[in-house]
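Structure first, commentary second.
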Amino acid sequence: MTRVLVTGGAGFIGSHVVDALLSRGGEVRILDALHPAAHAAQPGYLDAAAEFVLGDVRDSDKVSAALEGVDDVCHQAAMVGLGTDIGDVADYVAHNDLGTAVLLRELARRRFAGRLVLASSMVVYGEGRYACGEHGLVRPAPRRESDLAAGRFEPPCPVCGASLEPRSIPEEAPSDPRNVYAATKLHQEHLAAAFSRETGVPVTALRYHNVYGPRMPRDTPYAGVASIFASALASGRAPRVFEDGGQLRDFVHVRDVARANVLALSAPQPVPGAFNVASGTPRSIGEMAAALHAASTAGAPAPLTTGAYRLGDVRHVFAGVELAARQLGFRAEEPFDAGMAEFAAAALRAPPA
Ligand code: UD1
C-alpha cells in the first residue's frame with residue numbers, strides 16, 4: 001500500500017476513505033480546510049493514525065507541501081449539494097474548479113507519477129435514461145412547472161408524448177449538468193482529463209450516486225435527501241416526501257464508496273476513466289423514507305407524501321454498475337435495509353454553530 005494524500009479527508013466521504021486506507025495498512029495524509037459551512041472544529045472521528053494538515057486546496061504552498069512524499073492522490077475536497085441559490089456560484093467555482101486546478105498544477109510541477117482519483121457525481125448526467133416503446137432511448141426535456149403542479153411527475157417522450165420507462169444510466173451517457181454543483185463536478189472531470197492527457201497520470205473519476213451513512217452532515221442546504229429525512233425523524237418530525245414518492249435513486253453506503261476509492265487507488269493496474277459508484281438497486285424516495293422510518297426509534301410520525309416539488313429536480317436517475325464491476329472489481333456490499341437501519345441510529349454530524 002502506498003502513501004496517499006486525501007484532500008477533504010475530514011469530510012463525510014473523505015474520512016471513510018481515510019479509514020479504509022488505514023485499515024489496509026496504508027499511510028494517509030489529510031489536507032482539509034475544515035470549511036466553516038461543514039465543520040465547527042476538527043471532527044472527533046478522525047483517526048490519529050492519519051497525518052492531518054489544515055489547508056485549502058486553493059493554496060498552492062499548502063498543496064505543494066502536502067504532496068511531499070505522496071504516491072497517490074484522492075481528491076475529495078469540494079463544496080457539495082445544491083446550495084441555497086445562485087449567490088453560492090462563486091464559492092462553488094472557487095472551491096471545486098479552482099481548487100482542482102491548483103491541485104493539478106502542483107501535481108504537474110512535481111512531476112507526479114502516481115494515480116489521481118477524483119470524487120465526481122451522478123449529477124453530471126442530469127436526468128436519468130429513459131426508453132419510449134416507440135422511439136427507443138430518448139432524452140426528455142426538463143419537466144414543466146405546469147406538469148409538476150398538476151401532479152404529472154413523469155417526463156413524457158419528447159417525440160410522441162407517451163410515457164417512458166426509466167433505465168439505468170451508463171457512463172457513456174451524455175452529460176447534462178443542471179445546477180452549479182453539477183457544472184463544477186463535470187468541469188473537474190474535464191480539467192482532470194486534460195491534465196491526464198498532458199502528463200500521462202491516470203485519473204479515475206468516481207461518479208457517486210446518493211451516498212448515505214454515518215458522519216453524513218445534518219440537514220443543511222448542502223445535504224441530500226437521506227440526511228434531511230434522518231434529521232426530521234431524529235427530531236420527531238415526519239419526513240416530507242416530494243412528488244408522489246415514486247422518483248428513483250440509487251442509495252449507496254459510504255463504506256462501499258470508500259471501498260471503490262481504495263480499489264481505484266490500489267488495483268494492480270491503474271483504472272482510468274469515469275465510473276458509476278452505486279449499489280445497482282434503485283429505490284424510490286418513498287421506499288427510502290419508509291425504511292428509515294421503520295428503523296427509527298424516535299417515535300416520529302410516518303413519512304408524508306406531499307406532492308410538493310422542486311423545479312430543478314430530475315425524476316429518476318440510477319446507475320448502470322457493470323463497468324465499475326468489470327474494470328474496477330467494484331460491487332456494493334452493504335445491504336439497503338441494514339444500511340438504512342444503521343443510518344437511522346447513527347448520529348448525524350451536527351451543523352456548525
Ligand atoms: C443528490 C445531491 C447531489 C449529489 C447526488 C449524488 C443535493 C441537493 N443533491 O442529488 O448534490 O451529487 O445526490 O449523491 O444534495 N426530496 C424529498 N424530500 C426532501 C428533499 C428531497 O422528497 O425533503 C426528494 C427530491 O425531490 C428528489 C430526491 O428526494 O426527488 C433526491 O433529492 P436530493 O437528495 O436532494 O437530490 P439528488 O437529485 O438525488
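Atoms within each ligand, like the ligands themselves, are counted from 1 in listed order. Along the sequence shown, residues carry numbers from 1. These numbers come from the heavy atoms of this one structure, side chains and all, not from hydrogens, waters or symmetry mates.
Heavy-atom proximity to I285, at under 4.0 Å, picks out these atoms of ligand 1: 22 (O), 28 (C), 29 (O). Atoms of ligand 1 lying under 4.0 Å from any heavy atom of R249, numbered from 1 in the order shown and given with element: 27 (C), 28 (C), 30 (O), 31 (C), 37 (P), 38 (O), 39 (O). Proximity to G224 (heavy-atom distance under 4.0 Å) selects the following atoms of ligand 1: 15 (O), 34 (O). Atoms of ligand 1 found under 4.0 Å from any heavy atom of F229 (numbered from 1 in listed order, with element): 17 (C), 18 (N), 19 (C), 22 (O), 23 (O). Applying the 4.0 Å criterion to heavy atoms of Y208 picks out, from ligand 1, the atoms 6 (C). The V241 neighbourhood of ligand 1 comprises atoms 22 (O), with distances under 4.0 Å to a heavy atom of that residue.
Donor-acceptor pairing under 3.5 Å is recorded for the side chains of R105 and S60.
Between F242 and ligand 1, a contact under 3.5 Å exists for at least one N or O pair. Checking only distances, R240 does come within under 3.5 Å of ligand 1, N or O to N or O.
Closest heavy-atom approach to atom 34 (O) of ligand 1 among the candidates V314, L248, V225, V123: V225. Among H316, R315, R310, the residue whose heavy atom lies nearest to atom 35 (O) of ligand 1 is R310.
At a 4.0 Å cut-off, not a single heavy atom of V80 sits close enough to ligand 1 to count as contact.
Looking at residues two or more places apart in sequence or on another chain, you find a side chain to side chain contact (heavy atoms under 4.5 Å, CB included) between S64 and E106, R110. With sequence neighbours excluded, the residues that form a side-chain hydrogen bond (donor to acceptor under 3.5 Å, both in side chains) with S120 are E189.
Classified by interplanar angle (parallel below 30°, tilted 30° to 60°, perpendicular above 60°), the ring pair F251/F336 is tilted. Note: Y130 and H316 have tilted aromatic rings, judged against thresholds of 30 and 60 degrees for the angle between ring planes.
Taking the charged nitrogens against the carboxylate oxygens, E165 and R167 do have a contact shorter than 4.0 Å, which makes a salt bridge. Between D337 and R283, none of the side-chain N atoms (NZ, or NE/NH1/NH2) sits under 4.0 Å from a carboxylate O, so this pair counts as no salt bridge.
At a 4.0 Å heavy-atom cut-off, ligand 1 does not touch Y309 at all. Within the 4.0 Å heavy-atom criterion, the part of H209 lying near ligand 1 is the backbone and not the side chain. Residue contacts with ligand 1, taken as heavy atom pairs separated by less than 4.0 Å, involve I228 solely via side-chain atoms from C-beta onward.
Ring-centre distance between Y212 and H253: below the 6.0 Å cut-off.
Within the 3.5 Å criterion, the main-chain N or O of E127 finds no donor-acceptor partner in the side chain of R139.
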